[in-house]
Amino acid sequence: MSEQVDQIALRRNKLAQLRQGGKPFPNDFRRDAYAGDLQNQYADTEFSENQVPIHVKVSGRLMTRRLMGKASFTHIQDSTGQIQLFLQKDQLGESIYDEFKNFDIGDILGAEGDLFRTRTGELSIRVKNIRLLTKALRPLPEKYHGLTDPEIRYRQRYLDLLMNDTTRSVFLTRAAIIQHIREFMISHRYLEVETPMMHPIPGGAVARPFITHHNTLNMDLYLRVAPELYLKKLVVGGFERVFEINRNFRNEGISTRHNPEFTMMEFYCAYADYHDFIDLTEELVKSLCQKVIGREQLNYQGQEIDFSGKFECYDMLQSILRFNPDISRKDLHDERAIRELANHLQIQVGSTDGIGKIQMEIFEKKVEQKLINPTFITGYPVEVSPLSRRNDKQPDISDRFEFFIAGREIANGFSELNDAEDQAERFQEQVNKKDAGDHEAMHFDADYICALEHGLPPTAGEGIGIDRLVMILTDSPSIRDVVLFPHLRHQQPPAE
RNA sequence: GGGGUGCUAGCUCAGUAGGUAGAGCAGCUGACUUUUAAUCAGCCGGUCACAGGUUCAAUUCCUGUGCACCCCA
């Protein structure tokens, strides 16, 4: 008889035998303890022969095993951690012990027995009974080096989560961050809402949308690029403080900082302005550092970032001059000079772009990446802020800020434009730009104008990029490390 | 869009100045009742990403394609 060599085939044979024995996938085992909880609870406990034994039932995945004739050690892993099992032939009986020897790494099992400490001091369970609950047909990656291939880590994230502690920890931290943000907002009297993901007109941000189609209505719909306009309609409707944590979709490039779908929190507060939101953002980010991460100094990819003390805040044009002493204030305000400057800096400028847009481009290229410690930038041109309120003193500047950490834009907020007629004019400007060939310009959203005409109270609004914030707080170099299933190209079958 | 790097066993990686490939772990057989990268003995396991080209001979050199990662725009 030829020897079985394929690990998967061997496991399938074992499953086939289980099927013959009936009930190959039982679901009647109930645990009463978790590995990690036991490790914490009994960290300092000594166990002696004459005390009443502590009996526990655990379940999880078989990760390692060391078979030594009539006794064996294995580790099983559940959602909280690992615990060692000690199995002896004379304790378990020959048939169960032989069954156990037939288990494979990766199998899911349930075990019960008494807690004890081995000679080397490791908390373990002296197993009295053990059962296979799910047969794993494929082997796990190697136990020592784990799984490092980034492609498999992303495509088969479950393997990454099983094998890599740091991956598990990043996503646990992500969940804790989002929970903390949600509680923070609720405690500030914000109402959590859900607004449409499918929009008849894409709006609320400058970005290329994904297009889909509704068959019954026979109409194209756009996956939302931002929830902004709907959230402000809710403020019109009297929900004076609202927030939404959810996905936005932008049909643009994929990189270490961009996934086509990404998570944003947007929130709006009536009778507040952008200064209030600068303060709120600082309070939120600081509380995340203190309560979730436990530190106010973080290292992000080798850079020290200091979240203690008052966050810096200054004006966009100031910041350009501050980081680029060779640029003069005069040049930034002169149409001909600034175009020349942009050209010199190898910035592509469109024919419809005004001074404000070019200033913004220069800022993005020459300043953004240098804003390492948490920094608010204000004074954005109205030209690049079609939904923001005009500044009372400088009508070409908007009441807007952006927030940066580690050279990355984390948040964007402003006092909302609640003048319906001004908003209609600005939409019209966007439409004119679109007609002139600017594909990024916004549509005219008459529905939104109608809502504004009913009266939007003076309101502040903001969006915070959750993925980028999580990247910084977990020291993750790529957005793919903080999104469970990042988008990758299809794996295509090999050519014929 | 441009440039760079990678793709070899289930996993982690060597290697071939062109002559069909190795290790560790995993797996299989056996020994072993306190191991923990268990140990010891023996064994199995490969379309060297894919397609062309050069060559007596290509996993290796060249070209293209795919996927991934990094950098730039």
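Chain letters run A, B, ... following the sequence lines, proteins first, then strands; residues in each count from 1. Just so it is clear, the structure is predicted and the values come from calculations on it, not from any experiment.
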With both distances under 3.5 angstrom, what nucleotide forms a Watson-Crick or G-U wobble pair with B/U29? B/A41
Take atom CZ of A/Phe73 and atom C1' of B/U39, then tell me their distance rounded to the nearest Å. 14 Å
Whole Å only: how far is the CG atom of A/Leu147 from the C1' atom of B/C13? 14 Å
Cation-pi, A/Tyr380 ring and A/Arg400 (6.0 angstrom, 45 degrees): yes
Can you tell me how far P of B/G30 sits from NZ of A/Lys70, to the nearest Å? 14 Å
At under 4.0 Å, does any side-chain N or O of A/Thr64 touch on OP1 or OP2 of B/U35? no
Quick one: do A/Thr263 and A/Arg174 satisfy side chain to side chain donor-acceptor pair (under 3.5 Å)? Show the steps, please. CA-CA 11 Å; A/Thr263 302; A/Arg174 179 182 174 117; 3.3 Å; yes
If you compare all heavy atoms of A/Ala205 against all heavy atoms of A/Arg250, which two are closest, and at what distance to 0.1 Å? CB-NH2, 3.3 Å
Close side-chain approach of A/Met265 and A/Ile178, heavy atoms under 4.5 Å: no
Ring-face cation of A/Arg322 near A/Tyr314 (centre distance under 6.0 Å, axis angle within 45°): yes
On a whole-Å scale, what distance lies between the C1' atoms belonging to B/G3 and B/C25? 37 Å
For the C1' atoms, the ones on B/C62 and on B/U55, what distance do you get once it is rounded to whole angstrom? 12 Å
In whole angstrom, what separates A/His145's NE2 from B/A37's P? 13 Å
Syn or anti: how is B/A17 classified when any glycosidic angle within 90° of 0 counts as syn? syn
Would you classify B/U20 as syn or anti? Syn applies when the glycosidic angle is within 90° of 0. syn
Return the set of residues passing side-chain hydrogen bond (donor to acceptor under 3.5 Å, both in side chains) with A/Asn432 (not counting sequence neighbours), or none when no residue passes. A/Gln428
Work out how far the C1' atom of B/C28 is from that of B/A9, and round it to whole angstrom. 15 Å
Check whether A/Phe485 forms a cation-pi arrangement with A/Arg157 (NZ or CZ under 6.0 Å from the six-membered ring centre, at most 45° off the ring normal). no
Specify the separation, in whole Å, of atom CG of A/Leu10 and atom P of B/G45. 13 Å
Does any N or O donor sit under 3.5 Å from an N or O acceptor when you compare the side chain of A/Arg66 with the base of B/U35? yes
Minimum heavy-atom separation for A/Asp315 and A/Ile377, please, with both atom names. C-CG2, 4.2 Å
Given B/G10, B/U34, B/C28, the nucleotide with the shortest approach to the side chain of A/Gln7: B/G10
P-based separation of B/A51 from B/U8 [nearest Å]: 15 Å
Nearest whole angstrom, please: distance from the P of B/C13 to the CD of A/Glu142. 9 Å
Distance between the P atoms of B/G15 and B/G53, in whole angstroms? 30 Å
With rounding to the closest Å, how many angstrom separate the C1' atoms on B/U5 and B/A49? 15 Å
So, is A/Thr118 close to the B/U35 phosphate, meaning a side-chain N or O under 4.0 Å from OP1 or OP2? no
Given B/U12, B/U33, B/U35, identify the nucleotide with an atom nearest to the side chain of A/Gln84. B/U35
Short N-O contact, A/Arg339 and A/Glu335, less than 4.0 angstrom: yes
For A/Ile152, report the nucleic acid contact type (base, sugar-phosphate, nothing); a contact means any heavy atom under 4.0 Å. sugar-phosphate
So what does A/Arg65 touch, heavy atoms closer than 4.0 Å: a base, only the sugar-phosphate, or nothing? sugar-phosphate
Pairing nucleotide - B/C48, Watson-Crick or G-U, each distance under 3.5 Å: none
The side chain of A/Phe86 is closest to which nucleotide in this list: B/U12, B/C11, B/U34? B/U34
Which value, in whole Å, describes the distance between the P atoms of nucleotides B/G45 and B/A37? 30 Å
So if I define the base as every atom that isn't primed, P, OP1 or OP2, how would nucleotides 68-73 of chain B read as a B/S/- string at a heavy-atom cutoff under 4.0 Å? SSSS-S
Applying a 3.5 Å limit to both distances, which nucleotide forms a Watson-Crick or G-U wobble pair with B/C61? B/G53
Length of the CG-C1' vector between A/Leu62 and B/A26, whole Å: 13 Å
Both distances below 3.5 Å, Watson-Crick or wobble geometry, any strand: find the nucleotide opposite B/U5. B/A68
Give me the distance, rounded to whole Å, that separates B/C69 from B/U54 when you measure between the C1' atoms they each carry. 31 Å
What integer distance in Å separates A/Asp114:CG from B/U34:P? 19 Å
Watson-Crick or G-U counterpart of B/A14, or none if no pair lies under 3.5 Å: none
Quick check: any donor-acceptor pair below 3.5 Å linking the side-chain of A/Glu122 to the base of B/U34? no
Closest approach of A/Lys135 and A/Lys14, non-hydrogen atoms and distance? NZ-CD, 3.7 Å
For the side chain of A/Pro139, counting heavy atoms from C-beta on, which of B/G10, B/C11, B/A37 is nearest? B/G10
Check every atom of B/C28, B/U34, B/U12 against the side chain of A/Met68 and return the nucleotide holding the closest atom. B/U34
